[in-house]
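Shown next, in structure tokens, is the structure this report addresses.
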Amino acid sequence: TWRRSVKRAAIFAVGLFVLTQAVTLGGPKATPASAGFQAIAVFFFLTPFGYLMDGFLYNRWLKRQRG
């Protein structure tokens, strides 16, 4: 469902924001604004992608169940 896709994308986006703020990888630390923008962009990409992927996997599972 869309609700499940939004929840999953939100969890991943928050995790990405925290990871971006915590890890520097030898370079300058990302600003909260840039990390927030990146997290929002990923959220808006993952929501429909996750919905489509769930539908695809569910239909594939149904085909295997029917034989």
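- Minimum heavy-atom separation, Gln21 to Lys29: O-CE, 2.6 Å.
- Looking at residues two or more places apart in sequence or on another chain, you find no salt bridge (charged side-chain N to carboxylate O under 4.0 Å, His left out) involving Arg4.
- Linking ILVMFWY residues whenever their side-chain heavy atoms come closer than 4.5 Å, directly or via other members, places Phe49 and Phe56 in the same cluster.
- For the atom pair CZ of Phe43 and CG of Leu16, the computed distance is 13.0 Å after rounding to the nearest 0.5 Å.
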Where do Arg8 and Leu46 land on the side-chain contact (heavy atoms from CB on, under 4.5 Å) test, with the steps shown first?
CA-CA 8 Å; Arg8 188 180 302 136; Leu46 282 181; over 6 Å; no

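- Following chains of ILVMFWY side-chain contacts shorter than 4.5 Å, one can reach Phe44 starting from Val6, so the two form part of one hydrophobic cluster.
- Atom CZ of Arg66 and atom CH2 of Trp61 lie 9.5 Å apart (nearest 0.5 Å).
- Interatomic distance, CZ of Phe45 versus CZ of Phe12, reported as 10.5 Å (0.5 Å rounding).
- Interatomic distance, Thr1 OG1 to Lys7 NZ, rounded to the nearest 0.5 Å: 8.0 Å.
- Minimum interatomic distance between Gly50 and Ser5 (heavy atoms only, all atoms of both residues): C-OG, 3.7 Å.
- Put simply, the side chain of Ser34 gets close to the backbone of Thr31: a donor and an acceptor are under 3.5 Å apart.
- Put simply, CG on Leu52 and CG on Leu57 are 11.0 Å apart, with the number rounded to the nearest 0.5 Å.
- Smallest separation of non-hydrogen atoms from Phe17 and Ala39: CB-CB, 4.1 Å.
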